[in-house]
Amino acid sequence: MSSIREHRIYPNRYQDSVALMALSAALAELPGIRTASVVMGTGTNLDNLRQAGLGEVQAGPGDLVVAVLGEEQATAQALELADERLSEQPSRETAGDVAAPPLRSLRQAVEQNPAHNLALISVPGPYAAAEALKALRLGLNVMVFSDNVPIDQEIEIKRFAEERDLLVMGPDCGTAIVDGLPLGFANVVRRGRVGVVGASGTGMQEITSRVHQLGEGISQAFGTGGHDLSAEVGAISMLRGLRALAADEKTDVIVLVSKPPAETVAKTVVEEARTLDVPVVICFLGADPAAFGGDTPGVRFAGTLAGAADAAVALVRGEARPEDRPVEPYEQVSLAPEQRDLRGVFTGGTFCYEAQLLALAEGVRAASNTPVAGNTAPADVAVSVGHTILDLGDDVFTRGRPHPMIDPAPRDERLLAEAADPATAVVLFDVVLGYGAADDPISGLLDAIGRARAGREGPAPAFVAHVCGTDDDPQDRSAVVARLREAGVLVAENNAQAAVIAARMTP
């Protein structure tokens with residue numbers, strides 16, 4: 001049956017980007033829908049719609065756009081559902097059945113409750129800095145969820161905040177836990193004595209979840225945004241967060257996490273950490289601790305996300321530094337001679353990065369759309385050749401579509417394609433739980449694994465996974481792990497172990 005494109009524009013109708021991604025995922029799940037996207041009508045978003053095959057749309061940056069591609073009846077149903085969801089009114093807080101007037105500015109919110117001290121900014125990138133400055137002028141700390149903020153504007157708002165003794169998390173800060181409140185993509189973890197500052201959302205999720213799994217908890221977790229440790233920005237937010245946690249009476253250990261920072265910036269951060277009375281664990285993935293003087297009494301380096309969490313818990317408990325945990329025993333599967341390739345399909349960008357580093361250390365050099373030093377970019381991201389480890393949350397895969405943590409369908413489709421390739425020996429993947437993630441992140445994945453096995457004439461590849469989250473998350477990590485294992489998936493203790501196991505399974 002042929003497909004048609006349809007779109008609907010809602011003039012001057014702003015919606016939070018997380019809500020829009022969730023609605024996009026709901027529309028995409030409807031039978032007969034091939035692609036669906038709900039976005040604000042910025043130039044970048046309209047370009048993404050066109051590249052995603054959703055046609056040319058004329059809209060302004062303040063307009064909300066719903067675009068769908070699918071069977072005729074399905075597209076009509078999708079537009080009707082979108083209209084229904086977007087027309088829903090928030091529940092009233094009644095006092096004689098009279099709803100409180102909506103707040104229309106940050107100033108009104110502060111006037112209503114002067115105790116407010118944090119603003120979360122989630123508007124199209126070109127407008128985020130202006131909103132952040134408004135919040136800072138009102139004395140509010142800021143979390144900027146928005147991406148695509150020009151670097152000069154990021155520097156401006158961070159320097160402005162620094163002058164006023166305020167913290168800016170972001171831009172592109174997707175994860176934080178402030179006074180026990182999870183913001184963005186975060187997991188349900190207990191309060192405790194470990195503080196985290198990170199330039200990596202899924203890296204923070206892995207560390208905070210593992211600290212919880214080991215029986216300890218999180219005091220605060222501040223995201224900095226992915227550009228904070230660049231030479232241009234100079235780690236303004238990481239240094240600010242580090243000092244704030246050092247002064248926090250409820251924080252006994254601090255963990256810093258990032259992909260490799262600019263060298264001069266990394267040295268500045270490490271030197272600052274060495275001046276504190278609170279012990280600091282540093283996980284700069286792929287960086288050589290020797291370049292920064294190695295371990296000292298107040299600073300420890302960790303080579304993996306899980307290792308950083310283990311070291312922090314040991315410090316909190318006054319225990320000796322734990323040895324690197326050995327890789328869990330696993331059964332080597334029988335493979336055909338042509339099955340030689342490792343295929344990684346990740347929704348978490350930092351998990352993809354860490355997996356590449358560890359696979360490379362095991363001798364597996366892979367292609368990736370986000371390659372680490374020593375790996376290369378693929379000729380075509382749509383088709384894997386040889387060892388390939390992909391970040392499906394990268395912009396090249398998410399244009400016009402929700403992030404795969406929200407809508408796992410693209411991950412499931414790619415996993416099926418990789419498993420169907422006769423050259424594939426092992427498929428490595430992650431499952432990320434928590435607030436913001438899909439309510440059921442694995443039903444489609446299990447179906448894809450079943451279809452992959454049913455469609456093979458020879459041996460099916462091995463499937464190796466890691467589940468980031470806690471048993472207290474809405475999706476329940478233990479239940480997810482049990483379902484994966486029932487389906488024959490080898491579920492490792494953490495992302496690092498999963499990567500090493502997968503690499504060693506590869507002939």
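Using modelled atom types and a 3.5 Å distance limit, the side chains of Thr506 and Arg340 yield no donor-acceptor pair.
Other residues, nucleotides and ligands place more than 12 heavy atoms under 6.0 Å from the CD atom of Gln51. Residue-environment remark: CZ (Arg243) exceeds the threshold of 12 foreign heavy atoms within 6.0 Å. Counted within 6.0 Å of CZ on Arg190, heavy atoms from surrounding residues, nucleotides or ligands total more than 12; the atom is thus considered enclosed. A 6.0 Å sphere centred on CG of Asp439 holds no more than 12 heavy atoms belonging to other residues, nucleotides or ligands. Open room surrounds CG on Asp277; 12 or fewer heavy atoms of other groups in view lie less than 6.0 Å from it.
Nearest heavy atom pair, residue Gly307 against residue Ala302, reads C-CB, 3.8 Å. Across Val197 and Gly241, no two heavy atoms sit closer than the pair CG2-C, 3.8 Å. For the residue pair Val464 and Ala498, the shortest heavy atom distance occurs at CG1-O, 3.6 Å. Contact detail for Leu445 and Phe429: the closest heavy-atom pair is CD1-CE1, 3.6 Å. Scanning all heavy atoms of the two residues, the minimum distance from Met204 to Val257 falls at CG-CG1, 4.0 Å. Summarising the geometry of Pro124 relative to Thr42, their closest heavy-atom pair is CB-CG2, 3.4 Å, with the distance given to 0.1 Å.
Under a 3.5 Å cut-off, the side chain of Arg411 and the backbone N or O of Val431 do not form any donor-acceptor pair. Between the Gln339 side chain and the Val426 main chain, no donor and acceptor come within less than 3.5 Å of each other. Listed for the Glu338 side chain is no donor-acceptor partner under 3.5 Å among the backbone atoms of Ala423. Checked by atom type and distance alone, the side chain of Gln475 never pairs as donor or acceptor with a backbone atom of Val480 at under 3.5 Å. The main-chain N or O of Gly198 is never found under 3.5 Å from a side-chain atom of Ser258 such that the two would form a donor-acceptor pair. A donor-acceptor pair is defined here as one N or O able to donate and one able to accept, closer than 3.5 Å; no such pair exists between the side chain of Asn375 and the backbone of Ser368. In this structure a side-chain-to-backbone donor-acceptor pair under 3.5 Å is missing from Ser209 to Thr470. A donor-acceptor pair is defined here as one N or O able to donate and one able to accept, closer than 3.5 Å; no such pair exists between the side chain of Asp430 and the backbone of Ala465. At least one donor-acceptor pair under 3.5 Å links the side chain of Asn495 to the backbone N or O of Phe351. No donor-acceptor distance shorter than 3.5 angstrom exists from the side chain of Thr251 to the backbone of Val194, with no hydrogens or angles considered.
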Hey, mind stepping through Lys267 and Glu263 against salt bridge (Lys or Arg N to Asp or Glu O under 4.0 Å) and telling me if it holds?
-> CA-CA 6 Å; Lys267 288 182 178 179; Glu263 185 175 351; 3.5 Å; yes

Hey, mind stepping through Tyr353 and Val372 against side-chain contact (heavy atoms from CB on, under 4.5 Å) and telling me if it holds?
-> CA-CA 7 Å; Tyr353 196 91; Val372 302; 3.5 Å; yes

So Asp412 and Arg414, salt bridge (Lys or Arg N to Asp or Glu O under 4.0 Å) or not? Walk me through it.
-> CA-CA 6 Å; Asp412 303 340; Arg414 188 61 183 245; over 6 Å; no

Take Asp440 and Arg483 through the salt bridge (Lys or Arg N to Asp or Glu O under 4.0 Å) test and state the conclusion after the steps.
-> CA-CA 12 Å; Asp440 181 1; Arg483 291 174 66 192; 3.5 Å; yes

Decide yes or no on side chain to side chain donor-acceptor pair (under 3.5 Å) for Thr350 and Glu206, but give the supporting numbers first.
-> CA-CA 10 Å; Thr350 303; Glu206 176 84 328; over 6 Å; no

Does the pair Lys158 and Asp228 meet the rule for a salt bridge (Lys or Arg N to Asp or Glu O under 4.0 Å), with working shown?
-> CA-CA 9 Å; Lys158 289 187 172 182; Asp228 188 67; 2.7 Å; yes

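One finds the CE atom of Met405 at 8.0 Å from the SG atom of Cys468 (value rounded to the nearest 0.5 Å). The CZ atom of Phe222 sits 12.0 Å away from the CG atom of Leu256 when rounded to the nearest 0.5 Å. For the atom pair Leu136 CG and Glu163 CD, the distance stands at 10.5 Å (nearest 0.5 Å). Note that CG of Asp391 is 8.5 Å distant from OG1 of Thr347, once rounded to the nearest 0.5 Å. Rounding to the nearest 0.5 Å gives a distance of 9.0 Å between OG of Ser37 and CG of Leu20. With rounding to the nearest 0.5 angstrom, the CZ atom of Arg485 is 7.5 Å from the CG atom of Leu490.
The aromatic rings of Phe292 and Phe301 lie parallel to each other, with less than 30° between the two planes, well short of the 60° mark.
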